[in-house]
Amino acid sequence: MRLLKIGRDASCDIVLYSEGVSSLHAELTLLNNGDIQLEDKGSRNGTFVMNQPIKPGKPVNIRRGDAVRFADVELQWSQVPMPEDNSAYKAIYGIGSHFNNDIQISGNTVSRYHATIKVGRDGKVYIVDHSKNGTTVDGHKIASNVPTRIKKSSAVVCGGVPVNLKASAIQWPSESWKMILGVAASLLVLVGVGFGLYSVLGNSGKPSMKALEKATACVFEQYYIQVTYKDDPFVGKIASWPEKWTFGIDSKGNLSLGTPGSTISPLGARGTAFFISKDGEMGTNRHIALPWEYLTDDAVETIKQTMEKLLNNRNTDLVRLLNNAIEAGVVSSSDAVAWYSRLQKSEIVISGSMEYIGVALTGTNFTTIADLYSCQVIAESGDPLKDVSLIRLNSKKTPDDIVNGGFFDIEKARLDETSLIPQEEELTTIGYPSEFGTGLNMIAKGTEYLPTVHRTYVSKTPDDNMFQLQSNVVGGQSGSPIIDKDHRLVGVVFGSFRGTEVAYGCNIKHLKELYDKNKARN
């Protein structure tokens with residue numbers, strides 16, 4: 001399958017140079033069976049097939065050669081690629097977020113029609129990437145639109161989201177001959193694991209510090225800030241009236257109101273997380289899961305001033321939309337004035353949407369977002385004073401080398417914070433100290449990610465939510481695990497006073513409570 005975007009914007013696959021054409025006017029989907037679907041994307045001046053308008057958001061089937069018009073511009077079929085010759089393949093499977101795909105995967109970085117798997121008549125299987133965020137096979141990014149050989153055991157990741165090839169409907173060549181070898185190999189693995197666990201855990205039964213460093217990950221995330229009004233009388237009354245407003249980073253690096261992916265890019269942040277189970281579950285901070293709830297005062301003030309200027313400006317698309325509604329009789333002039341006054345006095349609500357969240361595992365190198373292990377927020381405490389959240393790899397499986405070496409077992413956590421006596425017990429934090437990045441520039445090319453280990457002490461008697469640490473914590477260490485001498489979890493780092501040796505940890509009992517309510521269960 002292939003998706004073609006059509007519109008006035010230069011980023012479209014088919015660019016139409018007319019003021020009557022919307023930035024993103026319509027989309028053509030070329031299906032694997034040769035069918036073609038056309039969808040109007042809410043354009044201002046409409047899309048027409050055989051001179052008849054089609055409904056926005058409702059795909060219709062068309063045939064090559066049909067008369068298709070976008071506002072005042074006719075489609076030139078010479079711009080639409082001819083169907084591929086797939087006669088050499090006996091089966092074709094689409095991968096992407098759209099329900100039309102044979103293998104449907106979800107994620108903000110997954111394209112609707114991300115990639116195609118083709119099974120040759122000779123039994124060989126290939127994958128073809130045609131996405132925005134790329135596809136990796138066994139850790140290597142493949143070239144776009146070039147068939148790449150894969151096997152049933154290949155690790156395929158589309159836009160940072162793993163694809164379970166074994167559980168898919170793909171007709172793989174028979175591999176029953178591997179069963180005998182697999183049994184023999186399993187016996188050898190069991191013997192090796194026995195010796196490996198002894199060398200890593202020793203006689204103490206606790207994971208080594210080296211193993212716990214490996215079980216710590218660096219979190220990267222991208223998100224947009226969204227603004228709504230508590231009292232917006234126009235929502236639902238006037239068609240196309242925006243229900244929310246989106247803020248991101250503009251081309252100059254400033255926080256601005258705009259269109260995601262067009263005039264603004266997502267904000268970015270980073271932190272630390274740590275594996276607490278075999279099912280890909282990790283502990284971290286609530287403010288990492290919901291960064292838009294922890295904006296600086298300057299950021300909040302910028303948003304408020306921007307929205308105030310927008311409503312006070314009489315020469316905006318918003319005012320023109322309102323005037324058109326008055327002319328069309330949708331709303332009376334007197335109601336429009338009264339409602340607009342209500343809107344200007346209404347309180348704004350700041351929320352957000354996560355564009356992407358993923359982790360870099362200790363010791364790994366990456367160059368693009370596709371090289372990260374994608375994950376999602378499973379749960380958060382719902383209380384700013386309990387700064388913990390639970391995230392999980394989309395694969396729902398902690399890497400085998402981490403499981404075998406040992407991780408931060410939440411079931412063995414030290415839940416009684418009153419046992420932490422100030423200045424009497426040495427604790428350890430493991431995290432990734434680095435200042436918060438912004439936008440897409442936060443990914444360092446080829447960087448190998450390694451955590452930093454700090455020794456610390458409790459400096460103040462804990463209360464029910466948190467305890468104070470004698471430690472210099474900087475941005476990026478948020479979400480770091482805090483452990484005692486027996487390597488048991490006691491807390492999660494969540495903040496500090498900049499420039500001082502005063503930091504804070506959230507009591508681990510709050511993460512344990514969150515985990516018990518939301519953990520993966522067979």
Side-chain angles (χ1 to χ4, degrees), residues 197 200-217 271-279 281-288 378-381 383 385-392 398 402-403 405-431 451-471 473 477-496 502-520:
L197 287 177
V200 173
L201 301 180
N203 293 322
S204 66
K206 66 181 181 182
S208 67
M209 186 59 69
K210 202 70 177 177
L212 294 181
E213 288 181 36
K214 195 171 184 63
T216 309
T272 300
F274 51 97
F275 286 96
I276 59 175
S277 77
K278 298 179 181 179
D279 300 307
E281 292 156 320
M282 294 175 281
T284 188
N285 290 137
R286 182 178 187 269
H287 73 256
I288 289 177
I378 300 301
E380 48 87 13
S381 66
D383 185 348
L385 296 178
K386 301 174 182 178
D387 199 352
V388 291
S389 68
L390 184 68
I391 64 176
R392 185 172 63 208
T398 300
I402 294 178
V403 172
F407 51 88
F408 300 88
D409 192 344
I410 191 67
E411 299 292 356
K412 298 179 180 178
R414 187 171 158 185
L415 304 179
D416 183 11
E417 69 276 0
T418 61
S419 65
L420 298 174
I421 309 301
Q423 299 300 322
E424 287 191 9
E425 181 179 355
E426 186 178 70
L427 303 177
T428 303
T429 67
I430 308 173
T452 299
V453 177
H454 286 286
R455 305 298 183 191
T456 184
Y457 288 88
V458 173
S459 56
K460 188 177 181 179
T461 301
D463 62 26
D464 187 57
N465 291 320
M466 64 182 184
F467 52 91
Q468 187 172 299
L469 293 171
Q470 184 179 320
S471 181
V473 171
Q477 284 181 277
S478 291
S480 296
I482 308 171
I483 57 175
D484 64 12
K485 60 182 177 59
D486 293 322
H487 295 177
R488 294 177 297 174
L489 283 166
V490 300
V492 184
V493 173
F494 70 86
S496 67
V502 176
Y504 295 94
C506 183
N507 300 338
I508 198 63
K509 67 181 182 183
H510 299 307
L511 180 61
K512 178 65 164 60
E513 180 183 2
L514 203 62
Y515 171 76
D516 288 341
K517 291 180 179 178
N518 301 278
K519 65 183 177 182

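Computed from a predicted model, the values in this text were never measured in an experiment.
Of the possible donor and acceptor atoms, one in the side chain of Thr398 sits under 3.5 Å from a partner among the backbone N and O of Ser277. Checking side-chain atoms of Asp484 against main-chain N and O of Asp486 turns up a donor-acceptor pair under 3.5 Å. Between the side chain of Ser381 and the backbone N or O of Lys386, at least one donor-acceptor pair lies under 3.5 Å. Looking only at distances, a side-chain donor or acceptor of Thr456 sits under 3.5 Å from a matching main-chain atom of Gln470. Formation of a donor-acceptor pair under 3.5 Å by the Asn285 side chain with backbone atoms of Asp387 is found in this model.
In this structure the side chain of Val388 never reaches within 4.5 angstrom of the side chain of Arg286, judged on heavy atoms. Counting only heavy atoms from C-beta outward, the side chains of Phe274 and Leu511 approach each other to under 4.5 Å. Counting only heavy atoms from C-beta outward, the side chains of His487 and Met209 approach each other to under 4.5 Å. At a threshold of 4.5 Å between non-hydrogen side-chain atoms, the residues Tyr515 and Ile276 count as touching. Side-chain atoms of Gln477 and His454, non-hydrogen and from C-beta on, do get closer than 4.5 Å to each other. Taking the side chain as every heavy atom from C-beta outward, Phe275 and Glu281 never approach each other to under 4.5 Å. His510 is listed as a side-chain neighbour of Asn465, based on a closest heavy-atom distance under 4.5 Å.
When all heavy atoms of Ile391 and Ala273 are compared, the pair lying nearest together is CD1-CB, 3.9 Å. The shortest heavy-atom contact between Phe407 and Pro207 is O-CG, 3.8 Å. Across every non-hydrogen atom of Arg455 and Glu426, the tightest pair is CB-OE2, 3.8 Å. The minimum heavy-atom distance linking Ser480 with Gly431 is given by the pair OG-CA, 3.2 Å. Tyr457 and Glu424 get closest at one heavy-atom pair: CD2-N, 4.5 Å. What you find for Ile430 and Pro451 is that their closest heavy atoms are CG2-CB, 3.8 Å.
From Asp279, atom CG reaches atom CZ of Arg392 across 7.5 Å, with rounding to the nearest 0.5 Å. From Leu427, atom CG reaches atom CZ of Arg488 across 10.5 Å, with rounding to the nearest 0.5 Å. Of the inter-residue distances, the one linking Tyr504 atom OH with Ser478 atom OG reads 13.5 Å to the nearest 0.5 angstrom. Note that CE of Met282 and CD1 of Ile378 are 9.5 Å apart. Values are rounded to the nearest 0.5 Å. To the nearest 0.5 Å, atom CD of residue Glu417 and atom CG of residue Asp463 are 8.0 Å apart.
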Dump the intermediate steps for side-chain contact (heavy atoms from CB on, under 4.5 Å) on Glu213 and Val453, then the final yes or no. CA-CA 8 Å; Glu213 288 181 36; Val453 177; 3.7 Å; yes

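Only one option out of Asp464, Leu514, Asp416 pairs with Lys509 in a side chain to side chain contact (heavy atoms under 4.5 Å, CB included); it is Asp464. With respect to Ile482, the side chain to side chain contact (heavy atoms under 4.5 Å, CB included) criterion is satisfied by exactly one of Asn507, Leu469, Ile508: Leu469.
The residues Arg414 and Glu425 are annotated as salt-bridged, a charged nitrogen and a carboxylate oxygen being separated by less than 4.0 angstrom.
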